[in-house]
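The next block holds one structure in the form of structure tokens; read it before the comments.
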Amino acid sequence: MTKFYESRDAEALLQQAGLLVQGAKAALRFTGISNNSKETQAGDLFICKGFGFKPEYLKMAAENGAVCYLGEQEIPDVALPFLQVKDSRKAQSLLARWFYGNPSDAFRLVGVTGTKGKTTTVHMVHAVMDAVAGQRTGVVSGIERYVGGQVMPSHLTTPESLELQKLFADARDNKLPIVTAEISSQAYKVDRVYGQHFDYGVFLNIGMDHISPYEHPDMEDYLACKTALLENSTVGVLCRDIDHFEQVYQAAKAKCERVCLIGAEPDCDFRFHDVQKLRRGYSFLVTERESGETHEYSTAMDGSFNIKNAVCAIAIGRMMGGSPNAIAAALQDLMVAGRGDMYTDSDITVFVNYMHNGISCQAVLEGLQQDYPGAYITVLIGVAGHRSPQRLQDVGEICGKYADRIFFTTVNPDFDDPQELGDRLAAAAAGGKAEITVETDRAKAVEQAILQAPTGSLVVLAGKGTEDTQRVRGEHVPYESDPVIARRVLPLRNAKPMK
């Protein structure tokens with residue numbers, strides 16, 4: 001049976017939020033909401049969401065059966081009722097949540113943000129939530145989504161508000177008790193989560209990244225979009241050693257009912273200590289300030305930065321009432337695909353890691369030098385198109401400082417020239433110790449990095465994880481993927497003379 005929605009109810013919601021400029025001249029009913037003219041169906045309210053919107057999109061939506069439209073400016077020559085708003089993206093986010101019946105009210109929602117480590121931490125939290133709930137819980141991340149039914153691959157960190165609320169509605173309808181979501185700064189910048197509340201908000205770190213004409217104009221804007229998650233959370237979980245700590249902490253204190261500090265510092269609510277390197281990963285103790293209890297945990301993921309990621313998950317699990325044993329069991333063998341995969345089928349070790357900016361490159365490469373002292377390190381990396389000049393500079397400089405050899409290659413170049421990106425990275429790395437090669441064919445670069453690596457060395461394949469496409473000129477082009485190439489090429493080392 002078709003459900004109808006009243007335009008006057010939608011207008012009342014927008015009026016209450018201070019977004020409505022003018023409602024439709026007459027009351028009307030609609031059956032759906034759309035922001036893609038190609039997908040608009042008969043009976044839909046169509047949203048003109050700005051940022052490159054063209055009038056022909058609305059005309060196509062009208063031809064497909066839209067009964068009214070919402071936007072910031074009326075569009076001539078379209079004979080549809082018009083709802084005028086001050087900000088179409090904010091209006092879309094509020095209407096999406098209303099249209100799907102405020103779905104996240106039915107479960108506990110955890111959001112995770114940070115310049116690096118978001119995806120890994122989301123999946124650590126997700127594993128712990130499964131253990132706490134005693135059943136499968138939901139996840140929305142940059143690599144996959146599960147809200148009941150099938151696990152779906154993902155190419156976007158945080159979906160558009162209409163899609164996100166539909167995912168939350170599916171989680172509610174499938175009676176999932178908890179959902180963990182990866183929240184990017186762009187999600188707040190373009191209001192994908194405007195009006196959305198979180199039960200727990202995790203702030204991992206922040207670094208000089210995403211500052212560009214395409215993303216955030218300055219650090220102030222970037223930081224504001226990051227702290228927005230804490231300002232919309234009941235409990236804020238905050239890593240103690242982050243840059244801009246005092247500013248972030250005060251933002252959390254002003255809005256959260258509770259702020260929980262994570263780290264090795266004495267004033268942390270969940271303090272990790274006595275770290276021991278294992279063959280894979282680390283064991284460590286966590287002391288809880290409130291109870292005074294100390295429990296042992298471990299993670300199978302290399303990179304000492306992953307300890308803090310794990311402790312964030314532990315903290316949320318414990319605050320939800322999970323037992324230390326159940327939480328420890330959930331984390332001890334967990335691996336996140338493309339975020340620390342290791343291949344040792346030959347005389348070298350290959351790591352597949354998603355590091356893609358300065359802060360993540362430094363964390364990963366410092367961790368490898370600490371865990372594998374004296375090892376020769378080859379890094380294969382690139383920077384995606386339409387990213388900040390600062391990211392190119394930072395990635396080049398840091399890899400040049402820590403690596404012995406670098407292959408600069410493609411990572412979703414989109415409309416940018418891959419050779420130019422590689423050359424700019426090489427120029428940034430030129431002051432370091434590394435031998436530099438620019439090879440824009442990523443598959444060929446991966447093969448060369450593995451086949452030419454000295455015996456006993458480490459090879460880091462960075463920036464793509466398990467992704468099996470490259471974004472080129474607006475299209476997702478098939479790519480074999482770094483893990484597949486690594487597994488294919490490693491056995492060839494024994495049959496191919498080293499160069």
Side-chain angles (χ1 to χ4, degrees), residues 1-106 140 145 147-149 152 154-156 158-174 187 190-196:
M1 181 178 177
T2 302
K3 182 176 180 179
F4 291 92
Y5 298 82
E6 302 292 336
S7 64
R8 294 300 189 228
D9 292 340
E11 291 168 6
L13 174 72
L14 298 173
Q15 179 71 47
Q16 186 177 12
L19 292 172
L20 186 68
V21 175
Q22 182 176 317
K25 293 179 179 178
L28 56 93
R29 298 195 299 175
F30 56 92
T31 56
I33 299 180
S34 171
N35 61 19
N36 186 328
S37 56
K38 295 179 182 179
E39 298 174 358
T40 300
Q41 299 181 4
D44 278 1
L45 180 157
F46 182 76
I47 297 176
C48 308
K49 64 178 180 178
F51 294 162
F53 183 82
K54 299 177 181 179
E56 49 262 41
Y57 299 158
L58 175 59
K59 293 175 182 178
M60 182 184 296
E63 292 172 359
N64 288 339
V67 296
C68 59
Y69 71 101
L70 177 150
E72 296 168 20
Q73 299 293 330
E74 189 168 10
I75 296 177
D77 303 323
V78 178
L80 288 179
F82 173 50
L83 283 70
Q84 187 176 13
V85 295
K86 295 177 182 178
D87 188 312
S88 57
R89 286 185 174 271
K90 288 181 178 178
Q92 174 180 266
S93 187
L94 293 181
L95 285 177
R97 180 166 160 76
W98 166 77
F99 180 81
Y100 287 108
N102 302 322
S104 62
D105 292 353
V140 179
R145 302 167 185 175
V147 288
M152 301 172 287
S154 174
H155 293 290
L156 189 63
T158 310
E160 282 275 9
S161 55
L162 280 176
E163 183 181 2
L164 182 64
Q165 294 301 329
K166 174 62 167 65
L167 292 169
F168 288 169
D170 289 342
R172 174 198 60 203
D173 296 345
N174 288 311
V190 297
D191 298 305
R192 292 174 188 162
V193 286
Y194 180 77
Q196 177 64 59

As an exercise, state the distance from CG of L95 to CD of Q165, rounded to the nearest 0.5 Å.
11.0 Å
Exercise: identify the closest heavy-atom pair between I75 and P55:
CG2-CB, 3.9 Å
Contact summary for A26 and S7, nearest pair of heavy atoms:
O-OG, 4.4 Å
State, to 0.1 Å, how close A42 and T31 come at their nearest heavy-atom pair, and which atoms those are.
O-OG1, 3.7 Å
Straight-line distance of C68 SG to L83 CG, nearest 0.5 Å:
6.0 Å
Among residues at least two apart in sequence or on other chains, which ones pass side-chain contact (heavy atoms from CB on, under 4.5 Å) with A17?
L19, L94
Side-chain heavy atoms of P159 within contact of V140, under 4.5 Å
yes
Enter the distance from I47:CD1 to N36:CG here, rounded to the nearest 0.5 Å.
12.0 Å
Could you pull out the closest heavy-atom pair between S37 and F46, with the gap in Å?
N-CE1, 3.5 Å
List for me each residue that meets side-chain contact (heavy atoms from CB on, under 4.5 Å) alongside E6, sequence neighbours excluded, and say none if there are none.
D9, R29
D191 side chain to Y194 main-chain N or O, any donor-acceptor pair under 3.5 Å?
no
For A24, is there any backbone N or O sitting under 3.5 Å from a side-chain donor or acceptor partner on E11?
yes
Rounded to the nearest 0.5 angstrom, the OG-CZ distance for S104 and F168 is 6.0 Å
Pairs satisfying side-chain hydrogen bond (donor to acceptor under 3.5 Å, both in side chains), at least one member in residues 52-77, at least two apart:
E72-S88
Between S93 and Q196, does any side-chain donor sit less than 3.5 Å from a side-chain acceptor?
no
Among residues at least two apart in sequence or on other chains, which ones pass side-chain contact (heavy atoms from CB on, under 4.5 Å) with Y5?
K3, F30, W98, F99
List the steps and the verdict of side-chain contact (heavy atoms from CB on, under 4.5 Å) for L70 and V85.
CA-CA 7 Å; L70 177 150; V85 295; 3.7 Å; yes
Output yes when a side-chain donor or acceptor of N174 lies under 3.5 Å from a complementary backbone atom of A171, and no otherwise.
no
Should N35 and Q92 be marked as a side-chain hydrogen bond (donor to acceptor under 3.5 Å, both in side chains) after you check the CA-CA gap, both sets of side-chain angles, and the distance that decides it?
CA-CA 9 Å; N35 61 19; Q92 174 180 266; 2.8 Å; yes
Applying salt bridge (charged side-chain N to carboxylate O under 4.0 Å, His left out), can you list everything that pairs with K166, at least two apart in sequence or on another chain?
D170
Any side-chain heavy-atom pair of L162 and I33 under 4.5 Å:
yes
Just jot down the side-chain contact (heavy atoms from CB on, under 4.5 Å) partners of K86, sequence neighbours excluded, or say none.
V21
Does the side-chain contact (heavy atoms from CB on, under 4.5 Å) test come out yes or no for R145 and L164, once each step is laid out?
CA-CA 10 Å; R145 302 167 185 175; L164 182 64; over 6 Å; no
Let me confirm one number: the OG-NZ distance from S161 to K49, rounded to the nearest 0.5 Å.
8.0 Å
Using a strict threshold of under 4.0 Å (side-chain N to carboxylate O), is an ion pair present between E163 and R192?
no
Salt bridge D105-R97, side-chain N to carboxylate O under 4.0 Å
yes
So do V193 and T158 actually touch side chain to side chain, heavy atoms under 4.5 Å?
yes
